[in-house]
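One structure below.
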Amino acid sequence: MRNRIQSLLSDNGYIVESFKDSIHALEELSGSIKAPYTLIISSYMMPKMKGDEILKKARSISPDTQRLLIADSADLKTMINAINSAGIDSCLTLPFQDEDLLNQTKFCCSHYETITQQQNLKRFTQRQNKQLFQIANNFKKKGLFYVKQAKD
């Protein structure tokens, strides 16, 4: 399934990295300013750790990175618990169509870009507000200075 997903996403213009130890890779990149990845895709049934555990750990390392879980539709209760506990942004049930994976990937990438833009706008607004506050304080000081000069 990993090869199928990698091939499908690569063929559709996505840059895909695949890791056998994805948590280790995330931990190495967790010190960067920006989230290291836009989207992490995991199957629920993994050899060492369940997919929701992987995505929960990924969320703690990189909270803005989108998380997509692929799970068997037969175990709906487990899937719902996994979605809630790991804060999973999107889910696909097995078997899935290629178009479904592409649509979910596009949605998650778009959502990540929206989050990034909102954070950038917030930082920009905070910086502008700080500058405006300084300008207002300077005008206030000048105004008080002029009032004092006028009285003298």
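The distance from atom OG1 of Thr105 to atom CG of Asp100, rounded to the nearest 0.5 Å, is 10.5 Å. With rounding to the nearest 0.5 angstrom, the OH atom of Tyr112 is 11.5 Å from the CD atom of Gln117. Note that NZ of Lys50 is 13.5 Å distant from CG of Leu55, once rounded to the nearest 0.5 Å. Atoms CG and CD, from Asn120 and Glu113 in turn, are 9.5 Å apart once rounded to the nearest 0.5 Å. Atom CD1 of Ile88 and atom CD of Gln66 lie 11.5 Å apart (nearest 0.5 Å). Atoms OH and OG1, from Tyr44 and Thr93 in turn, are 15.0 Å apart once rounded to the nearest 0.5 Å.
Side-chain heavy-atom separations under 4.5 angstrom define the hydrophobic clusters, and the remaining members of the one that includes Phe145 are Tyr146. The other residues sharing a hydrophobic cluster with Phe96 are Met1, Ile5, Leu8, Leu9, Tyr14, Val16, Leu39, Ile41, Leu68, Ile70, Leu92, Leu94, Leu101, Leu102, where clustering joins ILVMFWY side chains under 4.5 Å apart. Other members of the hydrophobic cluster containing Ile135, listed by chain and number, are Phe139; membership follows side-chain contacts under 4.5 Å among ILVMFWY residues, whether direct or relayed. Other residues sharing the hydrophobic cluster of Val147, ordered by chain and number and joined by side-chain separations under 4.5 Å: none, the residue standing alone.
Under the salt bridge (charged side-chain N to carboxylate O under 4.0 Å, His left out) criterion, no residue pair touches residues 5-15, with sequence neighbours excluded. Applying the salt bridge (charged side-chain N to carboxylate O under 4.0 Å, His left out) definition to pairs two or more places apart or across chains, those involving residues 82-95 are Arg67-Asp89.
Atom CD1 of Ile15 is surrounded by 12 or fewer heavy atoms from other residues, nucleotides or ligands within 6.0 Å. By the 6.0 Å contact criterion, CD on Gln97 is open, its count of non-hydrogen atoms from other residues, nucleotides or ligands being 12 or less.
Scanning both residues, Ala86 and Asp52, for their nearest heavy atoms gives CB-O, 3.4 Å.
Asp98 meets the salt bridge (Lys or Arg N to Asp or Glu O under 4.0 Å) test with Arg4; sequence neighbours excluded. Here Ser90 pairs with Gln104 under the side-chain hydrogen bond (donor to acceptor under 3.5 Å, both in side chains) rule; sequence neighbours left out. Qualifying side-chain hydrogen bond (donor to acceptor under 3.5 Å, both in side chains) partners for Asn129, counting only residues two or more places apart in sequence or in other chains: none. Residues satisfying the side-chain hydrogen bond (donor to acceptor under 3.5 Å, both in side chains) criterion with Gln6, sequence neighbours excluded, are absent altogether. The side-chain hydrogen bond (donor to acceptor under 3.5 Å, both in side chains) test applied to Arg127 returns no partner, not counting sequence neighbours. Under the side chain to side chain contact (heavy atoms under 4.5 Å, CB included) criterion, Ile80 pairs with Leu76, Asn84, sequence neighbours left out.
Judged purely by atom type and a 3.5 angstrom limit, Ser62 has no side-chain atom pairing as donor or acceptor with the backbone of Ala58. Remark: the backbone N or O of Lys106 is not paired with any side-chain donor or acceptor of Ser110 at under 3.5 angstrom. In this structure, Ser10 contributes its side chain and Ser7 its backbone to no donor-acceptor pair below 3.5 Å. Without hydrogens or angle criteria, Ser85 side chain to Asn81 main chain gives a donor-acceptor distance under 3.5 Å. Remark: side-chain polar atoms of Thr65 are paired, donor with acceptor, to backbone N or O of Tyr37 under 3.5 angstrom.
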Quiz prompt | Derivation and outcome, side chain to side chain contact (heavy atoms under 4.5 Å, CB included), residues Glu99 and Asn103 | solution = CA-CA 6 Å; Glu99 193 65 31; Asn103 287 336; 3.7 Å; yes
